[in-house]
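Treat the numbers as computed from the prediction; the structure is a model and nothing was measured. Remember, it's 1-based here, ligands and their atoms both numbered in the order they're listed. Along the sequence shown, residues are numbered consecutively beginning with 1.
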Amino acid sequence: MRKPIIAGNWKMFKTRDEALQFVYNVNLKLPSNDFVDSVICAQSPILRDLVRRQGDSLRIGAQNMHYADNGAFTGEISAPLLENIGVEYVIIGHSERRAYFNETDEAINKKIHQAFRYGLKPILCVGESLETRQSNQTDEFVKNQVVLDLKGLGTEQVKTLVIAYEPIWAIGTGLTATSTQANDAIKAIRNVVRDLYDEETAEELRIQYGGSVKPGNIKELLGMSDIDGALIGGASLEVEAFIQMVNAAVK
Ligand code: 13P
């Protein structure tokens, strides 16, 4: 049995005050992380404050990091710093970073290795554009991302990793993949991992769906055989919606 993981990706939203208020409010109501992992990925300057107030159930993640330990990389964030301030997760290769900041699969692969060097748990994002889906190349495209992004990782690392399947056309658009479309793509990802590694690794790896997830559709998505959680943008900004979605994951 894979433990579900519900993660909010706040992107570039919320001030420090708003974020602290949110964490204070959700902490009183989140179910135990014996049953579900709850994560909030916030902007870097407030990560330390959120870690200090994360309580028993919530865990904090960053939204990006560099693959070097340190250096002349103005504006970037290092894995040693994230480790040092107690951050547990880091989103890597979100489609917005791939699209707006030119992140390549090669850089993403280096970042995943770097995250593991510092004990951080990567949430690797993959997913196709509308054009790719319409030309029936989704499985091939996503497979290629997974192969390149996981290059050189060992089985124990892959078992710790979380993959988020986020079709780009479903992000922030209100268009959700149907539960069958999401489950099929996630099964295809699991098959790639089965081929690259082994049955046990494929069965232990947690794969989330992301793209316009909200309280009204999460139950159906999580009810599918291979969907182990959700990576949520817009709907994770509201306290009540976030709590409802975490509770939806408790079997
Ligand atoms: P939305 O839930 O706002 O569609 O965003 C999804 C996403 O990009 C999470 O990483």
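For ligand 1, the polar-atom distance check against Thr173 finds no nitrogen or oxygen pair separated by under 3.5 Å. Ligand 1 has a nitrogen or oxygen under 3.5 angstrom from a nitrogen or oxygen of Asn9. Checked by distance only, ligand 1 and Gly233 come closer than 3.5 Å through their nitrogen or oxygen atoms. Geometrically, ligand 1 and Gly172 share a nitrogen or oxygen pair separated by less than 3.5 Å. An N or O contact shorter than 3.5 Å is missing between Leu231 and ligand 1 by distance.
A donor-acceptor pair is defined here as one N or O able to donate and one able to accept, closer than 3.5 Å; no such pair exists between the side chain of Glu83 and the backbone of Gly119. Without hydrogens or angle criteria, Asn217 side chain to Ser212 main chain gives a donor-acceptor distance under 3.5 Å.
The heavy-atom pair separating Ala230 from Ile218 by the smallest distance is CB-CD1, 4.1 Å.
Using a 30° and 60° split on the angle between ring planes, Tyr209 and Tyr165 fall in the tilted class, from 30° to 60°.
Residue contacts with ligand 1: Ala235 is excluded, as none of its non-hydrogen atoms falls under 4.0 Å. The closest approach between Ala7 and ligand 1 stays at or above 4.0 Å for every heavy atom of the residue. The closest approach between Lys214 and ligand 1 stays at or above 4.0 Å for every heavy atom of the residue.
The single protein non-hydrogen atom nearest to atom 7 (C) of ligand 1 is Glu166 OE2, 3.2 Å, given as residue, atom name and distance. For atom 5 (O) of ligand 1, the closest non-hydrogen atom of the protein is Lys11 NZ, 3.3 Å.
In this structure, Tyr197 places its OH atom where more than 12 heavy-atom neighbours from other residues, nucleotides or ligands lie under 6.0 Å away. Atom NZ of Lys143 sits in a sparse spot, with 12 or fewer heavy atoms from other residues, nucleotides or ligands closer than 6.0 Å. Sparse packing is recorded around CD of Glu220, with 12 or fewer heavy atoms of other residues, nucleotides or ligands lying under 6.0 Å away.
Every atom of ligand 1 with a heavy atom of Ser212 under 4.0 Å away is listed here by number and element: 1 (P), 2 (O), 4 (O). Within the listing of ligand 1, atoms 4 (O) sit less than 4.0 angstrom from a heavy atom of Ala170. Every atom of ligand 1 with a heavy atom of Gly234 under 4.0 Å away is listed here by number and element: 1 (P), 2 (O), 3 (O).
Within the 4.0 Å heavy-atom criterion, neither part of Ser236 lies near ligand 1.
A salt bridge between Glu103 and Arg98 is absent, with no side-chain N of the basic residue lying under 4.0 Å from a carboxylate O of the acidic one.
Residues Ile123 and Gln208 meet the side-chain proximity criterion, which asks for heavy atoms closer than 4.5 Å.
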